[in-house]
Amino acid sequence: MFSRRRLSAAVALAVAVAGLVTAPGTAAEASAATRYEAESAPATCDGLIESNHAGFSGSGFCNATNAAGAAAQFTVTAPAAGTATIGVRYANGGTTNRPADVLVNGTVAHANSAFDPTGAWTTWVTRTLTVTLNAGDNVIRLTPTTAGGLPNIDHLEAGAPASGRTTVWLAGDSTVAANSGGNIVGWGRELGGYLTADAGVVNSAIGGRSVQTWLYESAVTATKNSAGECVLGSTAYAARWQAMLNASTGMKAGDHLFIQFGINDGSSTCPRHVGSARYRELLTAMVRAAQQRGAHPTLVTPVSALRCSGGTATATRGFLTETFDVGRATGAPVIDLHALSIALYNGLRFCPFNGDYSSGPVGAFFADDHTHFEAAGARQIAGLVTKAVRDQRLPLSTYLR
């Protein structure tokens with residue numbers, strides 16, 4: 001369907017600076033939520049305001065132009081600064097995801113946030129996100145990243161910031177990230193669906209990163225030193241880690257930090273290469289930083305790729321020992337997602353496997369290769385993480401549905 005829209009309302013959602021994650025298909029459950037209709041000023045819509053698909057609220061919805069950058073924008077007013085839950089109600093009657101960057105006050109807070117198909121243009125669902133709002137007016141902008149444009153946008157609801165809420169911060173690679181292109185979905189995108197309305201997720205995982213490139217990004221050079229480690233051109237942290245360390249908007253007492261690396265770190269070449277000692281050093285620094293702020297750090301071993309030995313899925317990843325070493329040294333709990341994912345693959349009888357990722361149970365779980373997941377697979381991996389949280393009685397367990 002041709003999707004054009006002229007959304008009137010500067011969508012103001014001051015989102016936590018890293019990547020904001022949502023609980024798919026659940027409504028914004030924050031108390032005293034305020035609704036901002038897409039067809040009412042000061043909201044704006046780069047397209048048309050229409051009313052030809054039933055089920056919308058108010059007098060219409062934003063049908064933005066089918067083009068990258070054709071945005072819907074809202075202005076949200078918060079009585080005080082803090083973490084809040086917002087819900088974007090939309091319909092996507094197409095067959096593909098219509099991803100969008102979520103910008104808060106001009107900063108990309110969530111890159112390529114997924115707006116998956118809802119089955120029909122008259123089927124409306126709510127995408128919930130946890131965000132950090134400034135006191136006063138905040139501008140939230142939904143900017144599509146593909147030529148398909150946005151889904152139809154009905155309204156945005158924002159709850160008042162709640163001081164009693166907790167935030168789950170995620171640091172990791174593409175197997176955790178919200179979206180790494182195409183149909184690739186990380187388990188971090190699906191985590192919010194397992195949490196109560198009092199817990200939100202800020203997903204700062206990004207594809208292709210080792211722990212060192214996640215922390216330092218372009219400061220990691222292509223040169224190795226005498227110890228075999230990649231040389232840093234600067235010790236300045238990347239913006240995503242700086243955001244988590246921010247004294248006013250970053251990790252606070254009672255929050256949770258989940259750290260999963262170990263897939264890209266095994267590269268033999270820089271900048272991704274990380275040796276065992278350096279890996280332990282960097283993980284330890286991240287854990288200590290969370291602990292110093294009163295947050296609860298949890299280490300997660302790298303999720304396994306699918307590799308079959310006959311009818312059995314087998315281990316594929318390194319840095320397992322190092323992750324457990326850091327856990328013992330710092331007192332941080334460790335979720336062995338590597339072992340749990342292998343057990344899941346065997347339970348689902350993925351082996352033996354003929355290598356065809358385009359069909360069958362494996363094709364529905366993995367996205368075109370043995371490492372990355374489609375939404376259904378990511379959801380099951382997120383389920384493994386949350387089950388481990390419950391089984392190990394970690395602090396986050398009080399926020400599980």
Side-chain angles (χ1 to χ4, degrees), residues 170-177 180 184 186-188 204-217 220-232 241 257-288 297-310 312-330 332-346 350-351 353 365-367 369-373 377-378 381-382 384-385 388 392:
L170 302 180
D173 53 38
S174 59
T175 62
V176 186
S180 297
I184 295 174
W187 62 261
S204 297
I206 185 167
R209 270 52 174 190
S210 63
V211 61
Q212 184 157 258
T213 53
W214 188 91
L215 283 168
Y216 295 102
E217 197 55 67
V220 186
T221 72
T223 303
K224 288 185 180 180
N225 60 21
S226 58
E229 294 293 347
C230 303
V231 175
L232 293 181
W241 185 230
L257 172 64
F258 282 67
I259 307 167
Q260 183 211 287
F261 291 100
I263 294 178
N264 300 301
D265 311 69
S267 173
S268 60
T269 60
C270 294
R272 296 201 299 186
H273 168 79
V274 179
S276 292
R278 180 64 170 161
Y279 186 86
R280 284 191 289 265
E281 176 188 349
L282 295 177
L283 249 60
T284 298
M286 295 181 73
V287 168
R288 294 299 190 201
T298 298
L299 296 166
V300 183
T301 60
V303 63
S304 183
L306 177 62
R307 180 168 65 196
C308 296
S309 177
T312 304
T314 61
T316 62
R317 302 300 185 196
F319 295 95
L320 308 178
T321 299
E322 292 87 344
T323 304
F324 279 102
D325 287 346
V326 174
R328 282 188 291 269
T330 62
V334 179
I335 292 176
D336 193 356
L337 187 57
H338 187 256
L340 292 172
S341 56
I342 293 171
L344 175 64
Y345 304 158
N346 283 319
F350 282 169
C351 295
F353 174 55
F365 193 99
F366 287 92
D369 62 33
H370 66 341
T371 294
H372 300 102
F373 313 113
I381 299 297
L384 295 180
V385 174
Q392 294 176 218

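Worth saying up front: this structure is predicted, and the values here are computed from it rather than measured. The figures here come from the full heavy-atom set of this structure, side chains too, leaving out hydrogens, waters and symmetry mates.
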T323 vs I259, side chain to side chain contact (heavy atoms under 4.5 Å, CB included): CA-CA, chis, key distance, verdict: CA-CA 10 Å; T323 304; I259 307 167; over 6 Å; no
Closest heavy-atom pair, S174 versus S180, reported as atoms and distance to 0.1 Å, is CB-OG, 3.4 Å
With sequence neighbours excluded, tell me which residues meet ring pair (Phe, Tyr, Trp, His ring centres under 6.0 Å) with F366. Y345, F373
side-chain hydrogen bond (donor to acceptor under 3.5 Å, both in side chains) contacts touching residues 207-217 (sequence neighbours left out): R209-E217, S210-T213, Q212-R278, E217-R240
Show the nearest heavy-atom pair for residues L320 and P302, with the distance to one decimal. CD2-CD, 3.8 Å
Determine the interplanar angle of the Y279 and F319 rings, folded into 0 to 90°, and report it as parallel if under 30°, tilted if 30 to 60°, perpendicular if over 60°. tilted
On a heavy-atom basis, the closest approach of R288 and A329 is NH2-O, 3.3 Å
With salt bridge (Lys or Arg N to Asp or Glu O under 4.0 Å) as the rule and sequence neighbours excluded, what pairs involving residues 312-329 come up? R280-D325, D325-R328
How many angstroms lie between atom CG of L257 and atom CG of L299, to the nearest 0.5 angstrom? 8.5 Å
Check whether any side-chain heavy atom of F258 lies under 4.5 Å from a side-chain heavy atom of I335, and answer yes or no. yes
Side-chain contact test, heavy atoms from C-beta onward, threshold under 4.5 Å: evaluate it for P297 versus M286 and give yes or no. no
Heavy atoms only: give me the nearest G310-C351 pair and the separation to one decimal. O-CB, 3.7 Å
Answer yes or no: is there a side-chain heavy-atom contact under 4.5 Å between I342 and N346? yes
Apply side chain to side chain donor-acceptor pair (under 3.5 Å) to T301 and list each qualifying residue two or more places apart in sequence or on a separate chain. D336
Can you name the residues that form a side chain to side chain donor-acceptor pair (under 3.5 Å) with T316, not counting sequence neighbours? S304
A367 and I184 have their tightest heavy-atom pair at CB-CG1, 4.0 Å
Only counting residues at least two apart or in another chain, list the ones meeting side chain to side chain donor-acceptor pair (under 3.5 Å) with T175. D173, Q260
Heavy atoms, side chains only, cut-off 4.5 Å: are V176 and F261 in contact? no
Might you point out which heavy atoms bring F353 and F350 nearest each other, and give the distance in Å? CB-O, 3.4 Å
Is the backbone N or O of S267 less than 3.5 Å from a side-chain atom of N264, with the two atoms forming a donor-acceptor pair by type? no
I'd like to check the side chain to side chain donor-acceptor pair (under 3.5 Å) partners of H338; sequence neighbours left out, ordered by chain and number. none
Partner set under side-chain contact (heavy atoms from CB on, under 4.5 Å) for T314, not counting sequence neighbours: R307, S309
Would you say the side chain of L306 lies within less than 4.5 Å of the side chain of S341, judging by non-hydrogen atoms? no
Please tell me if the side chains of L337 and W187 come closer than 4.5 Å, counting only heavy atoms from C-beta onward. yes
